[in-house]
Amino acid sequence: MFEKYDMLIPQGVIFNLKEIEDMKLIKVDMAKKLIYNNELEVVKIGKKIHISRTELIRYLVANTIMADDCKGELE
């Protein structure tokens with residue numbers, strides 16, 4: 001699974017919340033909630049919050065559910 005996200009997410013070390021929203025991965029409000037709940041690790045530079053590419057991939061892999069696992073929820 002990591003390989004798929006590695007190809008989809010642009011190369012870079014860290015991204016600010018707006019850049020992540022522009023990638024259509026996580027909206028800024030949702031990212032702030034995840035940060036507040038300690039589900040995403042951040043890098044703070046000055047007053048700006050950034051998320052590393054590695055952390056973003058880790059979160060996506062950890063929260064990816066295979067299609068077979070959620071069939072019951074769709075019915």
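It should be emphasised that the depicted structure is a prediction, and the values quoted were computed from it without experimental measurement. Side chains are part of it too, since the values below use all heavy atoms of this structure and drop only hydrogens, waters and symmetry mates. For reference, positions follow the sequence shown, starting with 1.
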Evaluate the side-chain contact (heavy atoms from CB on, under 4.5 Å) criterion for residues Ile51 and Tyr59: first the C-alpha distance (whole Å), next the side-chain angles of each, then the deciding distance (0.1 Å), finally the verdict.
CA-CA 11 Å; Ile51 299 173; Tyr59 176 79; over 6 Å; no
Start with the C-alpha gap between Lys33 and Asp29, add the side-chain angles, then the distance that decides, and say whether salt bridge (charged side-chain N to carboxylate O under 4.0 Å, His left out) holds.
CA-CA 6 Å; Lys33 287 178 187 176; Asp29 290 340; over 6 Å; no
Evaluation steps, side-chain contact (heavy atoms from CB on, under 4.5 Å), between Ile9 and Leu25:
CA-CA 9 Å; Ile9 297 174; Leu25 293 173; 4.2 Å; yes
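To the nearest 0.5 Å, atom NZ of residue Lys32 and atom CD1 of residue Ile26 are 13.5 Å apart. With values rounded to the nearest 0.5 angstrom, Asp22 atom CG is found 8.0 Å from Asn16 atom CG.
For Glu55 against Glu41, the heavy-atom pair with the smallest separation is OE2-N, 2.9 Å. Of all the heavy atoms in Leu17 and Val28, the pair that sits closest is O-CG2, 3.7 Å.
Of the possible donor and acceptor atoms, one in the side chain of Arg53 sits under 3.5 Å from a partner among the backbone N and O of Pro10. Checked by atom type and distance alone, the side chain of Asn37 never pairs as donor or acceptor with a backbone atom of Glu39 at under 3.5 Å.
Contact annotation: the side chain of Leu56 never approaches that of Tyr5 to less than 4.5 Å [non-hydrogen atoms, C-beta and beyond].
With Asp6 as the partner, the side chain to side chain contact (heavy atoms under 4.5 Å, CB included) test is satisfied by one option alone out of Thr54, Val61, Ile57: Ile57.
Other members of the hydrophobic cluster containing Val13, listed by chain and number, are Ile14, Val43, Ile45; membership follows side-chain contacts under 4.5 Å among ILVMFWY residues, whether direct or relayed.
Counted within 6.0 Å of CE on Met23, heavy atoms from surrounding residues, nucleotides or ligands total more than 12; the atom is thus considered enclosed.
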